[in-house]
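We use all heavy atoms of the structure for the numbers below, so side chains are in, but hydrogens, waters and symmetry mates are not. Numbered from 1 within each chain, the chains take letters A, B, ... in sequence-line order.
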Amino acid sequence: MTETAKTEPTRTVHFIEEIMEADVASGKWGAPGDRSVIRTRFPPEPNGYLHIGHAKAVCISFGLAERFGGTCNLRFDDTNPVKEEQRYADAIAEDIRWLGFRWPGAGEADAQAGILHASDYFPRMHEWAVELITKGKAYVDDQDAETIRAARGTPTVPGTPSPFRDRPVEESLDLFERMRRGEFGDGARVVRAKIDMASPNFNLRDPVMYRVLNTAHHRTGDAWHIYPMYDWAHGLEDSIEGITHSLCSLEFEDHRALYDWFIDAINEGRPGEWGEPIHHPQQIEFARLNPTSIVTSKRKLRQLVDEGKVSGWDDPRMPTLSGLRRRGYTPESIRSFCETVGVTKFNATHDITLLENALREDLNARAPRRMCVLDPLKVVITNWGEHGDEQRTEWMAATNNPENEQAGTREVPFARELFIERDDFMEEPPNKKWFRLKPGGEVRLRYGYWITCQEVIKDDTGEVVELRCTYDPQTRGGDSPPPDAEGKVRKVKGTVHWVSAGHAVEVEVREYDRLFTVERPDRAPKEAPDDWDWLTNLNADSLRVRTGARLEPNWPVSDVERSVGTGDFADGIARLQFERHGYYAVDGSAGDSRPIFNCAVTLRDSWSKK
RNA sequence: UGGGGAUUGGUGUAACGGUAGCACAGCGGAUUCUGGUUCCGUCAGUAGAGGUUCAAAUCCUCUAUCCCCAGCCA
């Protein structure tokens, strides 16, 4: 893979990185100056697919570890068996690998290698819970969920303690053991931390640590009847793995007090009869990604899939990583996008065009160029046989990638019958700025010849079905003809793409528009009725399938292009620039015999704006 | 009415008491065999009010606005 000449975009050092730098310098986690001590983790719950919002979190935790020469674990936070499935875990791991990140022990052969699971820590968490109960810092509560909620209080009125709050330690221990063995029904009892029912921070009003769930877990089977809550489990998982910096999103700021409380509670009296103190990571919060015109709510994405608004989680219009991948997005473009949005605690809005621009930038440098006529209009070169060689094919050299000279050229066939884009011809152009083909007008066929439209042929309905043109043999390759006797060079303003009708490959091209045309699809308008449905913002016209497109026959790409890094992407997905249109990716999931190309993003069009 | 966070051009993001910079978008121009790319120019900002200081986006006080929190979800 060749390097593009571009210099790396200047990367700004964000606040989390500064904290890490300071910790490295002070030797908080190891020898001062040893950057490799940085340990982060990405802890998804395997209950759905990763989307572009998750990509930011992935890039932060994995990216920071990469930058410091430390490590980032992939850990499935599988503490709630009723929502989790192995297939989600598999998809998540695949998406992270696709982005180009690796966790310790990740192997190329075994996709599962090195992946960690909260469920593997259940026994240790259980021991620590017993410890907290024994220390009088936790208790079993017999109240049901409704009662507990009612007693929790409000922002201004303190909660009231459970009547079971001060029950004997032995009784709690016994009940906890019976909970574990499955003697009680779902929700019958919980274990609660004994903190402060009057705390202004709700998370500290005796939070639940364990609930009874008589549900089989996708990894531990029916070994457990109790499952730990996030707040209890998460810090312990981080502690066990020796995480130095536990990075999460802003909504967990209020949970940090609890995160710290649990670890401190375990460490109380340590070193001592309970053993050595356990590791205490630092939780740091950052703002989520918040892109315009898409939804990232898992519930809403699921709704789109379930109601058939899209073809699946990997529909190319979906903001899931699997959808973006199928659409043609490169991992590099997504990582570049995450770099430009930065890392702060500010709830920013990220224009989705930034993501599109990141892809354009990457693909402009790397994607091989091809000519593809999406909506063919036949052109017959009437003077092609002027020397009696009407059936001949001429092969024209075309540049594979103007951004990368080493990508070389290819030979494109030119013959008597061609296709051009229907849009590139107008019988009656609206103004003088029409540089493309018109009756009596001349245009350059890129890398081909200059042609002049002599005759327009229509069918019974008046639709143009064919153009009869003449070519100028002196313009071979698309170059200007030699100067005339007076030294004047003839010029042509317009250049259009084309294919040879007899040589082109028929392909299917799928073009996508935004799934939602408003900036905030899930935000109800000010005067919306109570039953306002967010799906009213759905763009009914977001998919366009073109079945009759014609691609020049240089496909798949050449060895030369592959060898210099164009036409060869690390994820094995081929992407091309169809000149004057956009960037297109081969859809391998569609399972059709005819090649299918998804339009990842169009070229910028500074013309339509004017 | 409680607690926790946040606020710098249109949108993001730097500046860590010392010239408010960069990117994207916008606008104008140049180059171009892609209405692409590239290049040049340009518009535009410290939420508000006080205070400290030779000097404040930065420190202090008050105000405003926005986000999160009352799951046996994560």
Touch check for [X], heavy atoms < 4.0 angstrom, all strands: base, sugar-phosphate only, or nothing?
X: A:F435; result: nothing
X: A:I148; result: base
X: A:L354; result: sugar-phosphate
X: A:Q577; result: base
X: A:H255; result: base
X: A:T344; result: sugar-phosphate
X: A:R369; result: base

May I ask you to evaluate whether [X] reaches the phosphate of [N], defined as a side-chain N or O under 4.0 Å from OP1 or OP2?
X: A:T79; N: B:A74; result: yes
X: A:R211; N: B:C73; result: yes
X: A:T349; N: B:G12; result: yes
X: A:T353; N: B:U11; result: no
X: A:R604; N: B:A25; result: yes
X: A:N357; N: B:A25; result: yes
X: A:T156; N: B:U1; result: no
X: A:R149; N: B:G71; result: yes

Round to the nearest Å and state the distance from [X] atom [atom1] to [N] atom [atom2].
X: A:F346; N: B:U7; atom1: CZ; atom2: P; value: 7 Å
X: A:Y447; N: B:G36; atom1: OH; atom2: P; value: 15 Å
X: A:F337; N: B:C24; atom1: CZ; atom2: C1'; value: 11 Å
X: A:D186; N: B:G71; atom1: CG; atom2: P; value: 19 Å
X: A:R152; N: B:G3; atom1: CZ; atom2: C1'; value: 15 Å
X: A:N203; N: B:C73; atom1: CG; atom2: P; value: 14 Å
X: A:E253; N: B:G4; atom1: CD; atom2: P; value: 11 Å
X: A:R360; N: B:U38; atom1: CZ; atom2: P; value: 12 Å

### Query
Do the ring planes of A:H350 and A:F337 sit parallel (below 30°), tilted (30 to 60°) or perpendicular (above 60°)?
perpendicular
### Message
Can you classify the ring geometry of A:Y584 versus A:H581 as parallel (below 30°), tilted (30 to 60°) or perpendicular (above 60°)?
### Response
perpendicular
So if I take every side-chain heavy atom of [X] and compare against [options], which nucleotide ends up nearest?
X: A:N80; options: B:C73, B:A6, B:G3; result: B:C73
X: A:P155; options: B:U13, B:G2, B:G5; result: B:G2
X: A:D254; options: B:C68, B:C72, B:A74; result: B:C68
X: A:V190; options: B:C72, B:U34, B:C73; result: B:C72

### ring-ring contact (aromatic ring centres under 6.0 Å, His included) assessment of A:Y447 paired with A:F414
CA-CA 9 Å; A:Y447 303 126; A:F414 192 107; over 10 Å; no
### Query
If you round to the nearest 0.5 Å, how far is CD of A:E442 from NZ of A:K493?
12.5 Å
### Query
For the side chain of A:R167 and the backbone of A:V140, is there at least one donor-acceptor N/O pair under 3.5 Å apart?
yes
### Query
B:G71: syn or anti, with syn meaning chi within 90° of zero?
syn
### Query
How would you list, by chain and number, every residue that makes a side-chain hydrogen bond (donor to acceptor under 3.5 Å, both in side chains) with A:D95, sequence neighbours excluded?
A:R325
### Task
Taking atom types as modelled, find out whether A:H255 and A:H234 have a side-chain donor-acceptor pair closer than 3.5 angstrom.
no
### Message
When the C1' atoms of B:A57 and B:A15 are compared, how many Å lie between them, rounded to an integer?
### Response
8 Å
### Query
Taking the same atom, P, in B:U58 and in B:A49, what whole-Å distance lies between them?
13 Å
## Note on the structure
Heavy atoms of A:M371 and A:E552 approach each other most closely as N-OE2, 2.7 Å
### Shortest non-hydrogen contact from A:D77 toward A:P43
CB-O, 3.6 Å
### Query
Taking RNA chain B as the partner, which of residues 228-241 of chain A come within under 4.0 angstrom of it by heavy atom?
A:P228, A:M229, A:Y230
### Base-pairing mate for B:U53 - Watson-Crick or G-U, with both contacts under 3.5 Å
none
